[in-house]
Amino acid sequence: MKLAVSVPPHIKLDDTIASINWTKIAVLIPVCMVSIYVFGIDVLSILLISVFSALITEAAIQKLQNQELTIKDGDAVLIGLILGLLLPPTVPLWIPVMGAFFAVALVKHAFGGLGSTLFNPAIAGLVFLNMSWTVLMGVDSVPHLGQYSDIMLELGAGRLIEVSPFALIGGLYLIHKKYIEWRIPLTYLLTTIVLAVLIGEDLSYVFTGMLMLGVFILAADPATSPITKNGRIIYGIFCGILTVLYGYFSYNYGLAVIFTIFFANAVSPFIEKNTYPKPVDEVMA
Amino acid sequence: MDNLFAIAINGIFVKNFLLVQFLGLCSFLGVSKETKSAAGMSAAVMFVMILASTAAFLIFTYLLQPLGLTFLTTISFIIIIAALVQLVEFIIRKHSPPLYRSLGIYLPLITTNCAILGVVVLNVRLEYGFLQSVFYGFTAGIGYTMVMLLMSAIRERVNVLDVPASVQGLPHAFFITTLLSMAFVNFFGVIPT
């Protein structure tokens, strides 16, 4: 047997940042295909422009700062893809360029790059676009799952991501591979549904593709959610409460998920700080 | 708009003094580097806010209004706040010297903290009664405290990150504040008041 002396960590897995990010992208691919089918081939240009602007911004920033180019790790692609999926299909093509620039330059790299982001870049990009060009970002319709086939194919979708909640089922694979932890998705989904039922909300408005994206990809993003186990449970419940609160007042459960996770990201360091495990026999200062 | 619950929601979330009305940003950016001083500052601000709205209401209603001296409102409010800040300074210096040192220049600066003047002026402008005025001061203080705690937790985390040299320090705090404000305005903008 051949033994090698090496520096720690000694656990060897094939999981890298790149493999995690590309798996997440693969999970989103079915939804992209369905939305191209529903909205037409123009949607493909929105997605591609969004992805390429994110990549170019990242490459330019890393070149300017003399850093190693990390566009192959898929993080910029993921940001661009999520941002593109959150847009309505009617936007002019310069909108994803602005959004991807804001997301990658000011929310990802100004905060220290990969793994240091305080807010989810794609969400921040969408909120920025929403505040700056409200009219252009308006959606034509709000998804409503009137019948069971709408879970597969929702023709009343207002945003690309909302076309098919079922197409995001690949999120379960992420949990299976432990690329995201089960605590946040489970508590978020359960809290949202239980609260919505309790206040008598129509579940067919609550359960959209946006919620699935929020549960599986956005809320459970490891950089922007708490690292402690209890903190994650609190975070998930917090997200659920806020989503129902916003949806109750606005009747828009899609935007509710976006604004909720944006706000919850801001609270996440506070939750994390207050749920650190206490040392045993701590000496009181 | 008159019941206390609406005032609380307004003061804490929807019209948060720091992130929605942008009042009192100087102490917000100055003292939010660590949680301990942020909490101390918040307590001091909340205390001054409550006392200031009480005293300002009494003086405005029973002195300035009957005598027709409402043109002195701003000046008299500033004097009230300055006197109260002196009081708080005495108390903190006596009871908690470490907190006094960590607050530093920002403690006397509460005198010119626009959030406090904002509370008392808004009380007059919105024609709140006595209980409403005091309660609005209290909720504004709660909102201030909440944002200070969130911000200090964020900044303690950001301290250990590899932020580009060009935006380190105060510029970065403005980046965070911008995004926090976007989160607040968008989320709580939906609550009808």
Side-chain angles (χ1 to χ4, degrees), chain A residues 61-62 64-67 102-103 105-121 123-132 134 223-224 226-227 242-243 245-252 255-256 258-275, chain B residues 6 9-10 12-14 16 18-20 28 32-36 38-39 42 98 143 145-193:
Chain A
I61 288 173
Q62 289 180 330
L64 283 177
Q65 293 190 315
N66 291 324
Q67 288 172 345
F102 182 86
L106 296 178
V107 188
K108 184 183 169 194
H109 280 283
F111 280 85
L114 178 72
S116 309
T117 47
L118 187 65
F119 293 90
N120 190 306
I123 293 183
L126 181 81
V127 174
F128 164 73
L129 292 175
N130 228 357
M131 292 179 86
S132 310
T134 314
T224 55
I227 57 169
L242 289 186
T243 304
L245 185 74
Y246 189 94
Y248 176 74
F249 283 119
S250 70
Y251 309 108
N252 187 343
L255 269 186
I258 295 300
F259 290 149
T260 291
I261 296 174
F262 196 41
F263 184 67
N265 284 343
V267 183
S268 148
F270 183 74
I271 297 176
E272 183 180 307
K273 188 174 170 314
N274 288 299
T275 50
Chain B
I9 296 291
N10 238 344
I12 300 176
F13 301 113
V14 180
N16 188 289
L18 286 173
L19 292 178
V20 181
F28 172 62
S32 62
K33 275 193 198 103
E34 47 179 297
T35 305
K36 219 169 197 175
S42 308
T145 310
M146 183 181 73
V147 177
M148 281 295 267
L149 291 179
L150 289 186
M151 183 68 171
S152 60
I154 290 173
R155 283 183 82 173
E156 279 179 4
R157 202 190 113 165
V158 166
N159 269 344
V160 296
L161 299 182
D162 180 26
V163 174
S166 48
V167 291
Q168 256 168 14
L170 204 55
H172 200 256
F174 275 103
F175 273 90
I176 303 170
T177 314
T178 311
L179 289 167
L180 261 181
S181 178
M182 277 163 71
F184 254 74
V185 171
N186 279 300
F187 190 86
F188 295 111
V190 75
I191 298 178
T193 49

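Highest contact tally toward chain B, considering only A:Leu255, A:Leu242, A:Leu106, A:Val107, is held by A:Leu242 [criterion: heavy-atom pairs under 4.5 Å]. Per-residue counts of heavy-atom pairs under 4.5 Å with chain B were compared for A:Ala110, A:Ala124, A:Gly115; the largest is that of A:Ala110. The residue among A:Ala264, A:Ser116, A:Ala256 with the most heavy atom pairs within less than 4.5 Å of chain B is A:Ser116. Interface summary for chain A: among B:Leu179, B:Leu150, B:Val158, the most heavy-atom pairs under 4.5 angstrom belong to B:Leu179.
Using a 4.5 Å cut-off between heavy atoms, A:Tyr248 does not touch chain B at all. Using a 4.5 Å cut-off between heavy atoms, B:Val167 contacts chain A through its side chain alone, with no backbone atom that close. For B:Leu161, the part lying under 4.5 angstrom from a heavy atom of chain A is the side chain only. B:Ser152 does not touch chain A: none of its heavy atoms, backbone or side chain, sits under 4.5 Å away. For a residue to count as touching a neighbouring chain, one of its non-hydrogen atoms must lie under 4.5 Å from one of that chain's; by this rule A:Phe119 touches chain B with the side chain only.
Taking CD of B:Glu156 as the reference point, atom NZ of A:Lys273 lies at 4.5 Å (rounded to 0.5 Å). Rounded to the nearest 0.5 angstrom, B:Asn186 CG and A:Ile258 CD1 are separated by 11.0 Å. The distance from atom CG of A:Asn265 to atom CG of B:Leu180, rounded to the nearest 0.5 Å, is 10.5 Å. Rounded to the nearest 0.5 angstrom, A:Asn130 CG and B:Met182 CE are separated by 9.5 Å. Here CZ of B:Arg157 is found 15.0 Å from CZ of A:Phe270. Values are rounded to the nearest 0.5 Å.
Across every non-hydrogen atom of B:Ile154 and A:Ala266, the tightest pair is CD1-O, 3.5 Å. In plain terms, the two heavy atoms of B:Pro164 and A:Gly112 that are nearest each other are CD-N, 4.2 Å.
Among the candidates B:Val163, B:Asp162, B:Ile176, the single residue satisfying the side chain to side chain contact (heavy atoms under 4.5 Å, CB included) test with A:Phe111 is B:Ile176.
Residue pairs that meet the side chain to side chain donor-acceptor pair (under 3.5 Å) test with at least one member in residues 165-179 of chain B, sequence neighbours left out, do not exist here.
Between B:Phe187 and A:Tyr246, the ring-plane angle classifies as tilted under the 30° and 60° cut-offs.
Other residues, nucleotides and ligands contribute only 12 or fewer heavy atoms inside 6.0 Å of the OH atom of A:Tyr251.
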